Amino acid sequence: MPTTDVTIRLLTDTDLPAYKALRDVGLQHDPEAFTSDFDTASALPPATYATRLGQPPDDHFILGAFDASGAMLGAVVCERESQLKKRHEAALVGMIIVPEMRKRGIGKALLTEFDKLVRKLPGLEQVVLSVTASNAHAVGLYEHAGFERYGLQPRAIKVDGQYHDKALMLKLL
């Protein structure tokens with residue numbers, strides 16, 4: 001499916017069940033990519049994620065990628081720091097693409113729209129993220145979107161007895 005068949009838009013309350021379902025798939029399929037675990041998160045109701053909804057210039061929002069039928073194919077979350085000394089920073093968190101739809105430009109399209117929206121947040125100067133360091137495709141996707149690696153958190157998460165490092169990345173706006 002080419003990205004021309006994909007619509008990128010801000011999520012609303014009515015999208016929360018689909019977002020939760022997508023998130024549950026991501027947590028189950030790629031447990032090393034997320035700090036949340038499937039068992040805990042899958043037990044939560046969709047309304048749990050309502051605090052992530054917003055529309056710039058709000059400090060947080062969720063972007064979703066949808067196919068022509070309205071099915072959610074991917075999502076990404078922006079969370080801006082609330083502390084005064086950290087207001088210049090936001091975090092890109094929870095990037096999820098349906099496993100069978102990866103490497104089709106959906107992540108790139110989400111990041112392009114994400115960049116446009118974060119630039120509407122007054123006083124925002126940078127966006128940070130962490131990504132599983134061994135996920136070369138995801139690291140490359142973020143680098144292509146203008147993020148640069150500034151550090152590595154060794155043993156950042158532990159899944160089934162195995163540690164995974166997180167690459168720490170930054171994009172100046």
Side-chain angles (χ1 to χ4, degrees), residues 1-55 60-79 91-118 127-147 149 156-169 171:
M1 167 183 296
T3 56
T4 55
D5 296 339
V6 174
T7 300
I8 308 293
R9 66 170 174 79
L10 290 164
L11 269 57
T12 65
D13 291 2
T14 59
D15 297 310
L16 288 175
Y19 173 71
K20 184 196 176 322
L22 173 71
R23 187 172 153 74
D24 288 350
V25 167
L27 292 172
Q28 191 166 37
H29 188 270
D30 300 299
E32 72 286 349
F34 303 94
T35 55
S36 299
D37 68 278
F38 174 77
D39 290 338
T40 303
S42 65
L44 299 172
T48 302
Y49 303 104
T51 58
R52 291 182 166 185
L53 296 175
Q55 182 168 339
H60 45 269
F61 58 83
I62 307 174
L63 275 175
F66 298 85
D67 69 12
S69 73
M72 191 178 297
L73 305 175
V76 64
V77 178
C78 174
E79 293 182 347
L92 182 155
V93 297
M95 175 81 139
I96 309 167
I97 307 295
V98 173
E100 59 271 15
M101 298 304 294
R102 293 178 182 164
K103 298 183 182 179
R104 298 181 186 212
I106 295 168
K108 183 178 178 182
L110 278 167
L111 290 175
T112 298
E113 189 61 24
F114 181 93
D115 186 71
K116 289 177 189 174
L117 293 179
V118 295
V127 178
V128 296
L129 63 84
S130 70
V131 59
T132 304
S134 61
N135 187 338
H137 180 73
V139 171
L141 177 68
Y142 293 128
E143 288 174 341
H144 180 76
F147 286 86
R149 184 169 157 170
I157 62 171
K158 185 176 179 181
V159 179
D160 296 329
Q162 183 176 357
Y163 293 101
H164 299 272
D165 299 344
K166 290 287 186 174
L168 308 175
M169 303 185 81
K171 180 176 184 174

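For this chain, numbers begin at 1 and follow the sequence in order. Note that the structure is predicted; figures quoted are calculated from it, not measured.
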Mind running side-chain hydrogen bond (donor to acceptor under 3.5 Å, both in side chains) on Tyr49 and Arg23 for me, showing each step along the way?
-> CA-CA 10 Å; Tyr49 303 104; Arg23 187 172 153 74; 3.0 Å; yes
Let me see the working for Met72 and Asp67 under side-chain contact (heavy atoms from CB on, under 4.5 Å), right down to the final yes or no.
-> CA-CA 7 Å; Met72 191 178 297; Asp67 69 12; over 6 Å; no
Here the gap from Leu22 atom CG to Ile97 atom CD1, rounded to the nearest 0.5 Å, amounts to 7.5 Å
Closest non-hydrogen contact found for Gly26 with Ile96 is CA-CG2, 4.1 Å
Using a 4.5 Å cut-off on heavy atoms from C-beta on, say whether the side chain of Ile106 contacts that of Phe66.
-> no
Phe147 and Met169: which non-hydrogen atoms are nearest, and at how many Å?
-> O-CE, 3.8 Å
Polar side-chain atom of Thr48 near backbone of Leu44 as donor-acceptor pair, under 3.5 Å = no
For Leu111 and Ala145, the nearest pair of non-hydrogen atoms, with its separation, is CD1-CB, 3.8 Å
Verify salt bridge (charged side-chain N to carboxylate O under 4.0 Å, His left out) between Asp5 and Arg104, making sure each step is shown before the conclusion.
-> CA-CA 11 Å; Asp5 296 339; Arg104 298 181 186 212; over 6 Å; no
So, Asp37 and Thr40: side-chain donor and acceptor under 3.5 Å apart, yes or no?
-> yes
Measure across Gln28 and Pro31 and return the closest heavy-atom pair with its distance rounded to 0.1 Å.
-> O-CD, 3.6 Å
Mind checking the OG-CG spacing from Ser36 to Leu27? Nearest 0.5 Å is all I need.
-> 6.0 Å
Separation of Glu113 CD from Arg9 CZ (nearest 0.5 Å) | 12.0 Å
Shortest non-hydrogen separation from His60 to Glu79 and the atoms involved = CB-CA, 4.4 Å
Rounded to the nearest 0.5 Å, how far does CD1 of Ile157 lie from OG of Ser130?
-> 8.5 Å
How many angstroms lie between OH in Tyr19 and CZ in Arg52, if you round to the nearest 0.5 Å?
-> 4.0 Å
Hey, are the side chains of Val76 and Ile62 touching, using non-hydrogen atoms and a 4.5 Å cut-off?
-> no
What are the two closest heavy atoms between Phe114 and Leu63, and how far apart are they?
-> N-CD1, 3.4 Å
Answer yes when Asp15 and Lys20 have at least one side-chain N-carboxylate O distance shorter than 4.0 Å, and no when they do not.
-> no
Heavy-atom side-chain proximity of Leu92 to Val77 below 4.5 angstrom = no
Any side-chain heavy atom of Tyr142 sitting closer than 4.5 Å to one from Met95?
-> yes
Of Lys166, Glu32, His164, the residue whose pairing with Thr132 passes side-chain hydrogen bond (donor to acceptor under 3.5 Å, both in side chains) = Lys166
With rounding to the nearest 0.5 Å, note down the distance linking CG in Leu53 to CG in Leu10.
-> 9.0 Å
Contact check, side chains of Val25 and Val98, non-hydrogen atoms, under 4.5 Å = no
Residues Leu168, Val128; criterion side-chain contact (heavy atoms from CB on, under 4.5 Å); working and verdict = CA-CA 7 Å; Leu168 308 175; Val128 296; over 6 Å; no
